[in-house]
Amino acid sequence: MERAYEQFEALQRRVMALQAALTLFEWDAETQAPTGGAERHAELVSTLSGEYFRLLNSEELRAALSAAQAETLTEAEALKCRELQRELEKLDGIEPADYEAFSGLRAKSVSVWMKARQTDDFSLFAPYLEQLLAFQRKFAGLRRKSQACLYDVLLADYEPDFSVVQLDAFFAELKAALVPLLKRIQTEGRAVDSSFLRGDFPQERQEALGRRLAAYIGFDFERGVLAVSEHPFTTNLHNRDVRLTSHYRDNLDSSLFSVLHEAGHGIYEQGISDELTLSFAGQGASMGMHESQSRFYENLIGRSRAFWEPLYGELQASFPEQLGSRSLDEFIEAINEVKAGLIRIESDELSYSLHILIRYELEKALMAGELSVSELPKRWADKYEEYLGLRPQTMAEGVLQDIHWAWGEFGYFPSYALGSAFGAQLLHAMRQRMDVDMLLREGRLDELRRCLNEAIHCHGKRYTSAELLERFCGEAFTPVYYVNYLTDKFSALYGLEK
Ligand code: ZN
C-alpha cells in the first residue's frame with residue numbers, strides 16, 4: 001500500500017514547481033526581460049500565483065498533510081511536513097478575498113511609492129500606507145495566538161525566536177554603545193581618505209572581479225550565476241540553481257561588497273542539503289540567519305585586512321591607475337570609512353544598525369497605534385537627528401527611501417541588525433576552533449565555508465536561529481560580540497582612546 005506521505009510529497013512537488021516558476025519570472029523581470037513584455041508577464045504571474053495559493057490553501061493538501069503526519073516518518077519527512085504546516089498557519093483565518101485585496105493593494109502601493117519618491121510627496125503614499133497597516137493589523141489579529149502584541153505576530157514570520165521584549169533589549173544595548181561611539185568618531189576621529197574608490201572603474205573589470213571574489217569565497221558557478229540588476233539580490237530555484245545579481249557604479253566598493261554580500265546568501269542556499277531542498281524546510285533558518293551569512297562575508301571577514309592580504313595585488317592589477325599607488329592599509333581604511341549618512345543602503349558598517357533601530361522603533365509604534373502615518377515623516381527626521389546627527393531635507397532621503405513598507409512588510413527590518421549580531425557571535429565561536437585570520441591570509445576560504453555549511457546551511461529550517469547559535473556557540477544569543485567587534489574595530493581605525 002502506498003504511504004500517505006507519497007501523496008503529500010507529490011502535492012508538495014506541485015507547490016514547489018509553481019514557486020520555482022514564479023521565482024524565475026521574478027528573476028527574469030529584474031535582469032533580462034524586455035520591458036515591453038511587462039504587462040503580459042504580470043498576467044502570467046498573476047495566474048500562476050493564483051494557482052499557487054489555491055493549491056497551498058486546498059483541502060486536498062491539508063488532508064494529505066494530516067494523513068502523512070499520522071504515519072511513521074523519517075526525520076526529514078517530518079521536518080517537511082512541519083514546515084508546510086507552519087506555512088499554512090500563516091494563512092489561518094484570512095479570507096481569500098481579503099488576501100487578494102491585500103495583494104492588489106501591495107502592487108498598487110509600490111507604484112504609488114515610486115511616484116511619491118520621485119515627486120518627493122509623502123501625501124501621495126500616506127493613504128496607501130494607512131491601508132497596508134490596517135490589513136496587517138487585521139491579519140495579525142486573526143493569526144495572533146500567545147503573542148503579547150500584534151507586532152510580535154509579524155516578527156514571527158521573519159524571526160520566530162524574537163519578540164518585542166527581546167528586541168527592545170537588543171536594540172537598547174546597540175544604542176547605548178553605538179550612538180556615543182559614532183558621535184566620538186564624528187568629533188574626535190582622524191580623517192580617512194576614500195576618494196580613490198570613486199572614479200572610472202570599467203564595468204567588465206568590476207564584473208570579472210565580482211565573479212572571481214564570489215568563487216574565491218566558495219560560491220559554486222556550476223550551480224549558480226551572477227547577473228546585473230538595479231538593486232543587488234539573491235534568489236534560488238533549489239540548491240543547484242542559485243542566482244545572484246550585482247550592480248556596477250563609479251564607486252568600486254559598492255560592487256565589491258554587494259557581490260560578497262549576495263554570494264554569502266548564495267553559499268547558504270547552495271549548502272542546503274539535497275534531502276531538504278525544494279520544500280519549505282529547505283530554506284534559510286530565518287531572515288536574520290540568512291543575513292548573518294551575507295554579512296559574514298561582506299563585513300565581518302570581507303572588510304578585514306587578513307581577507308585582502310592575498311587578494312590586494314590582484315585588485316591593484318585590475319585597476320592600476322586608481323589603486324596602483326595605494327597601500328593595502330590605505331585600502332582597508334577606505335573600505336571601513338565611517339560616514340554617517342541618511343540612506344540606509346549606502347550606510348557604513350557602524351551606522352547601519354542605527355538605521356535599523358529607527359525603522360524598528362517607528363514600525364513598532366505604527367503597529368501599536370501610538371504613531372499616526374501623518375506624524376511619521378517628522379518622527380523619522382527627529383530620530384535621524386538624534387541618533388545620526390543628520391536631518392533629512394527631502395522625503396526621498398527620509399521616510400520614502402525603503403520599499404519594504406510599500407510591499408506591506410512590517411517586522412522585516414530587525415532581521416538586518418540581528419543578522420550582523422548573529423554573524424559576530426558565530427565568528428567569535430569560529431575563532432575558538434580555528435585560526436580564522438591565518439586561513440584568510442592563506443586563502444583557505446573553503447575551510448570557513450565548510451564549517452558554516454555543516455553548522456548552519458545544510459540544516460535549512462531544521463533548527464531555529466536561536467538553536468543554531470546555541471549549538472554552534474555553546475551559549476544563547478547575545479549582542480555582546482557584535483558590540484565589542486564594532487567598538488574595537490572602529491576605535492582602533494579612528495585612533496580613539498578607550
Ligand atoms: Zn542581504
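Hydrogens, waters and symmetry mates are skipped; everything else that's a heavy atom, side chains included, is used.
Ion pairing between Arg441 and Asp435 fails under the 4.0 Å rule for side-chain N and carboxylate O. Taking the charged nitrogens against the carboxylate oxygens, Arg471 and Glu467 have no contact shorter than 4.0 Å, which rules out a salt bridge. Between Lys90 and Glu87 a salt bridge is recorded (basic side-chain N to carboxylate O distance below 4.0 Å). With respect to the salt-bridge test (charged N to carboxylate O, under 4.0 angstrom), the residues Arg431 and Asp437 qualify. Between Glu346 and Arg249 there is no salt bridge, since no side-chain nitrogen of the basic residue lies less than 4.0 Å from a carboxylate oxygen of the acidic one. The existence of a salt bridge linking Asp329 and Arg305 is confirmed by a sub-4.0 Å separation between a basic side-chain nitrogen and an acidic carboxylate oxygen.
Sorted by first and then second residue, the ring-ring contact (aromatic ring centres under 6.0 Å, His included) pairs involving residues 165-184 (not counting sequence neighbours) are Phe170-Phe477, Phe171-Tyr360. Identified under the side chain to side chain donor-acceptor pair (under 3.5 Å) test for residues 124-135, with sequence neighbours left out: Lys108-Tyr128.
A cation-pi arrangement is present between Arg303 and Phe257 under the rule of less than 6.0 angstrom and at most 45 degrees off the ring axis.
Side-chain atoms of His355 and Tyr387 include no donor-acceptor pair closer than 3.5 Å.
A side-chain donor-acceptor contact under 3.5 Å links Gln316 to the backbone of Leu323. Asp250 places no side-chain N or O within donor-acceptor distance of the main-chain N or O of Arg198, the cut-off being under 3.5 Å.
Residues meeting the side-chain hydrogen bond (donor to acceptor under 3.5 Å, both in side chains) test with Gln136, sequence neighbours left out: none. Arg433 pairs by the side-chain hydrogen bond (donor to acceptor under 3.5 Å, both in side chains) definition with nothing, not counting sequence neighbours. Take Tyr352 and apply the side-chain hydrogen bond (donor to acceptor under 3.5 Å, both in side chains) test, not counting sequence neighbours, and it matches Arg295, Arg344. Annotation: side-chain hydrogen bond (donor to acceptor under 3.5 Å, both in side chains) contacts of Glu173 (sequence neighbours excluded): none.
Taking the six-membered ring where tryptophan is involved, the planes of Tyr99 and Phe102 are perpendicular, since the angle between them exceeds 60° and thus also 30°. A tilted orientation is assigned to the rings of Phe135 and Phe139, their planes being inclined by 30° to 60°.
Cys451 is listed as a side-chain neighbour of Met434, based on a closest heavy-atom distance under 4.5 Å. Considering only heavy atoms from C-beta on, Leu362 stays 4.5 Å or farther from Val399 through its side chain. In this structure the side chain of Gln293 never reaches within 4.5 angstrom of the side chain of Ile267, judged on heavy atoms. At least one side-chain heavy atom of Tyr216 sits less than 4.5 Å from a side-chain heavy atom of Phe307.
Here the rule is ring pair (Phe, Tyr, Trp, His ring centres under 6.0 Å) with His290, and of Tyr268, Tyr412, Phe422 only Tyr268 fits it.
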Q | Check against side chain to side chain donor-acceptor pair (under 3.5 Å), His457 and Glu269 | A | CA-CA 7 Å; His457 308 159; Glu269 293 296 340; over 6 Å; no
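Residue Asp161 holds its CG atom at 3.5 Å from OG1 of Thr464, rounded to the nearest 0.5 Å.
Annotation: Gln432, atom CD; neighbour count of heavy atoms from other residues, nucleotides and ligands within 6.0 Å is above 12.
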